[in-house]
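Shown next, in structure tokens, is the structure this report addresses.
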Amino acid sequence: MKKGDHLFLVDGSAYIFRAYHALPPLTRKSDGLPVGAVSGFCNMLWKLVEESRDTSVGVAPTHFAVIFDHSSTTFRNELYDQYKANRTAPPEDLVPQFAVIREAVRAFDLPCIEKQGYEADDLIATYTKQAIAAGGDVTIVSSDKDLMQLVGPGVILYDQMKDKRLGPEEVKEKFGVYPEKMIDLQALVGDTSDNVPGVPGIGPKTAAQLLDDYGDLETLLERAEEIKQAKRRENLIAFAEQARLSKRLVTLDCDMPLDTPLDDLFLNEPDGEKLIAFLKAMEFTTLTRRVAATLAVSASDVETAKIDVDAPVRGPDLDPAAASRPAAVGAGEDGAPRLALVPAMLVESRKGEAAAASFDHSAYLTIRDEAALRDFLAEATETGILAFDTETDALSAMNGKLVGVSFAVSPGRAAYVPLGHVSPNGEADLLSDKSVEEEIGPQIPLETALAVLKPVLEDPAILKVGQNTKYDYLVMLRHGIVVAPFDDTMLISYALDASASLSGHGMDELSERFLGHKPISFKDLCGSGRNARPIAACEIERVTHYAAEDADVTLRLWRVLTPRLAAEGLASVYERLEKPLMPVLARMEERGIMVDRQILSRLSGRFAQKQGGLEAEIAELAGEEFNPGSPKQLGEILFGKLGLPGGKKTKGGQWSTDVKVLEELAAEGHPLPSKIVEWRQLTKLKGTYTDTLPNHMDQRGRIHTSYSMASTTTGRLSSSEPNLQNIPVRTEEGRAIRTAFVAPEGKKLVSADYSQIELRILAHIADIPQLKQAFVEGLDIHAMTASEMFGVPVEGMPSDVRRRAKAINFGIIYGISAFGLANQLAIPREEAGLYIRRYFERFPGIRDYMDATKAFAKQHGYVETLFGRRVHYPDIKSPNASMRAFNERAAINAPIQGTAADVIRRAMIRMEGALDEAGLAAKMLLQVHDELIFEVPDDEVEATLPLVAKIMAEAPLPRVNLSVPLVVDAKAADNWEAAH
DNA sequence: GTGGTCTCCTA
DNA sequence: GTAGGAGACCACA
């Protein structure tokens with residue numbers, strides 16, 4: 001080794017674990033030997049070898065070694081017997097792969113280094129030191145922070161997965177200190193995965209700051225007395241020895257004896273035949289092909305190597321008969337039409353068909369040219385059915401770029417059309433002279449594909465079937481295609497099986513439930529966390545398996561689920577309440593709502609200032625620095641250190657510190673709890689709203705939420721990323737956030753909301769004469785209730801009496817319990833029980849309704865809204881009393897909440913058409929359960945308000961004619977706060 | 001990094 | 001007492 005030489009040291013053990021976790025469990029096809037980690041390892045190593053052959057980069061290695069840990073006990077265990085004591089044994093299916101991976105390294109003709117009693121890190125440290133001494137450079141291929149201490153002149157760390165090279169500046173950026181202080185930093189912080197203790201309460205941020213202030217660990221420990229923060233000071237003093245021990249544990253040994261001298265690590269030209277023989281034996285076809293191409297060796301000429309593996313695990317045999325086994329009764333093409341005359345028969349036959357289904361990934365097509373695409377889509381013209389699914393590079397349909405589309409025309413007949421795939425090697429490939437096409441194969445140009453797809457996706461004679469179609473609809477909408485007509489398996493499932501106990505209506509879940517098949521998960525394809533990579537950079541063959549399978553599964557689900565709609569009388573729910581709402585919501589999401597960034601940032605500033613003041617006061621009152629955001633620490637301060645009374649415990653056995661508890665303490669005259677309450681409120685508003693909302697804004701200053709149509713049991717929508725259905729309104733400070741929701745120049749925001757819709761629906765369903773009368777007369781319903789219950793005249797009623805009645809009214813809707821009402825009103829449970837009894841005496845119809853609903857739910861297993869939406873409560877017959885009671889309350893609430901949800905859905909579905917017909921340009925932007933927000937041109941506000949109110953008020957008609965009026969308040973203003 | 005717990009925002 | 005989503009913290013890998 002001499003000046004100018006370059007040593008690559010691969011942290012092999014870390015590599016193995018990354019490869020293992022990055023890839024789905026894979027087995028060798030012929031004998032079931034687990035080879036997932038081997039495969040990942042070989043791919044990574046090959047990429048590295050390939051990169052290093054590229055001399056143009058100027059970092060090509062002259063020396064190369066792969067370093068492994070040899071055993072679990074090292075000299076560090078003599079220093080500290082707990083070192084790495086919390087490590088668990090490697091996964092069972094990984095163990096047999098260790099030996100194979102060493103074989104792999106030898107097949108690559110690379111030195112494979114390990115030594116008893118030392119960790120790979122020590123070997124790496126020693127080789128690094130020697131190489132630098134000899135005048136060479138070193139690249140350590142790893143991202144382990146334990147190795148950061150080695151970074152310095154001539155030494156960098158290379159994170160291959162992220163394609164990142166770390167020098168001293170990058171280490172500083174990541175950890176706040178330069179590499180030479182990494183050891184001290186690690187000694188302070190400790191390492192949970194290696195069981196290095198460190199100093200309690202010191203994290204990376206604090207450690208970096210301390211080292212910055214005091215220079216090094218020893219100085220810091222000697223001068224610990226000077227530290228202001230009490231807890232920090234105490235810990236540094238108490239745990240000084242522990243820090244010194246930690247330092248010795250994390251310090252790498254760079255002078256260990258080496259069995260293989262540095263100069264023997266000279267890099268050889270890989271022996272193509274040896275490598276290919278090994279890869280063939282492993283049955284890594286793709287990598288074999290790639291290696292063969294690069295090294296110019298014909299893979300078919302090379303004989304497969306004999307790999308000795310002890311006791312390969314044999315997987316279950318595929319049943320070759322399964323595919324040809326006759327489908328269940330009635331599923332045959334001959335029998336089906338006859339049986340299908342009755343919906344229930346069709347349901348049965350389709351169930352049989354689904355149960356007999358088998359999936360063959362290798363049968364899926366990858367379509368790479370226009371002609372093939374046209375041919376495939378022509379099959380849909382024949383059948384009239386086309387399942388389709390889009391793959392994009394982002395989770396949200398509003399941001400995602402189209403990467404590919406997949407189709408299925410009949411069970412098992414599916415294809416994937418890659419459109420926006422890129423090289424799996426990312427930027428590294430810019431340096432090679434191979435074009436993307438040469439590397440990953442041809443793709444149809446996006447515009448060409450869209451031109452072919454448009455007439456099909458818009459063809460009224462072809463039913464497009466999707467799963468969560470709002471996503472695909474939006475993606476295509478952004479490419480100028482309006483998908484129609486369509487069916488949505490998620491929405492069908494939701495209409496059929498909305499249930500409190502079933503978890504959801506996602507495709508994977510439905511597939512397992514109805515097809516008995518677990519599809520390839522997105523994680524399997526693209527990995528997760530740090531190993532995640534964009535789908536566009538995944539191997540197209542694998543994406544085909546994944547994406548075409550999704551379309552195939554969707555089509556099969558559609559075949560099983562659709563007949564049930566008619567058979568179970570739920571077609572109208574699906575056709576009238578679900579399907580037509582999807583495009584409406586898609587358009588609302590696409591529009592987004594305009595937000596004033598300045599207002600939010602001003603609020604953030606104001607909140608931050610108050611927050612800072614409060615933090616100082618809190619520390620003062622507590623007598624020490626602590627994190628007021630940690631309920632655990634707060635509980636210890638309040639009830640432990642300060643010894644305040646009235647502590648309650650939560651489920652987790654900790655002190656409860658919610659607002660109620662804190663307010664009780666405040667009422668007793670303690671100053672700290674009220675400061676905490678105030679701090680929490682500000683932190684919440686700042687952290688959840690004013691700081692976060694700007695991150696969701698697009699270039700035009702608009703926020704696009706995403707509505708989920710199938711994630712509540714009752715039929716309500718939910719909103720996420722961001723959730724715009726929980727923007728504060730209760731407090732003045734919170735309401736200020738709503739002033740940031742604005743309309744652009746020349747327009748106003750209109751908010752229209754139903755007044756007391758759930759109580760009105762309750763009055764109608766339970767048929768309560770007094771309530772109905774009060775609504776007809778337009779009285780104050782809570783005051784009326786109070787008057788009935790407590791005999792207090794409405795005129796001059798004390799606000800507290802009305803407040804109680806209001807709480808009871810809400811309680812009824814929620815399936816009242818004495819416990820809950822007592823909690824809400826902060827009164828004894830006996831008193832709450834008394835109120836409830838009196839309520840039932842005054843309004844006996846309510847009790848009848850509740851009893852009847854419970855009985856219905858027990859008998860049928862579900863309850864229904866006025867529009868026929870069903871919500872299932874299988875657990876209402878649970879032997880567990882509290883679970884039963886919970887289901888009873890939910891069953892009482894669901895028809896009320898669900899009917900209200902149905903009503904506003906109907907209004908939304910009709911709204912666009914009505915506005916259109918009236919020649920109004922108002923655009924619906926948001927829904928918040930009983931409120932709709934519109935953007936309206938200034939000069940149309942006057943005409944829009946009454947129309948919107950009318951559509952909303954008349955939404956139940958003609959299907960349901962409520963015996964109470966629905967009242968809608970509509971208002972226009974410059975921002976949401978003023979319009980509400 | 002992931003998942004659970006706690007807290008808090010809405011109708 | 002109903003129905004949601006989300007951020008922060010913390011223990012576990």
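Just so it is clear: chains get the letters A, B, ... in the order the sequence lines come, proteins before strands, and each one is counted from 1.
Atom P of nucleotide C:dT2 and atom CG of A:Leu717 are separated by 21 Å, given to the nearest angstrom. Atom pair A:Asp159:CG and B:dG1:P shows a separation of 11 Å (rounding to whole Å applied).
At a threshold of 4.0 angstrom between heavy atoms, the contacts of A:Gln633 are confined to the sugar-phosphate backbone, with no base atom among them. Backbone-only engagement by A:Ser719 is indicated by non-hydrogen atom pairs under 4.0 Å involving sugar-phosphate atoms exclusively. Contacts of A:Gly629 with the nucleic acid, taken as non-hydrogen atoms under 4.0 Å apart, involve only primed sugar atoms and P, OP1 or OP2.
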Set out, in order, the CA-CA distance, both residues' side-chain angles and the distance that settles salt bridge (Lys or Arg N to Asp or Glu O under 4.0 Å) for A:Arg18 and A:Asp144, then state yes or no.
CA-CA 11 Å; A:Arg18 281 186 111 171; A:Asp144 190 341; over 6 Å; no
Base versus backbone protein contacts along nucleotides 4-10 of chain B [heavy-atom cut-off under 4.0 Å; B, S, -]
--SSBBS
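Side-chain atoms of A:Asp658 come within 3.5 Å of backbone N or O of A:Val661 as a donor-acceptor pair.
The ring of A:Tyr835 has its center no closer than 6.0 angstrom to the ring center of A:Tyr839.
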Under 3.5 Å, side-chain donor or acceptor atoms of residues 715-722 of chain A against the rest of the protein: list the pairs with distances, not counting sequence neighbours.
residue	atom	partner	partner atom	Å
A:Arg716	NH2	A:Glu758	OE2	3.3
A:Ser718	OG	A:Ser711	OG	2.9
A:Ser719	OG	A:Thr705	OG1	2.8
A:Ser719	OG	A:Pro722	O	3.4
A:Ser719	OG	A:Leu724	N	2.8

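Consecutive Watson-Crick or G-U pairs involving DNA chain C, each under 3.5 Å on both distances, make up stems of three or more pairs at B:1-11 with C:2-12.
Here the side chain of A:Asn893 is nearest to one of C:dG4, C:dA6, C:dA3, namely C:dA3.
The pair A:Glu733-A:Lys684 does not count as a salt bridge, with every side-chain nitrogen at least 4.0 angstrom from each carboxylate oxygen.
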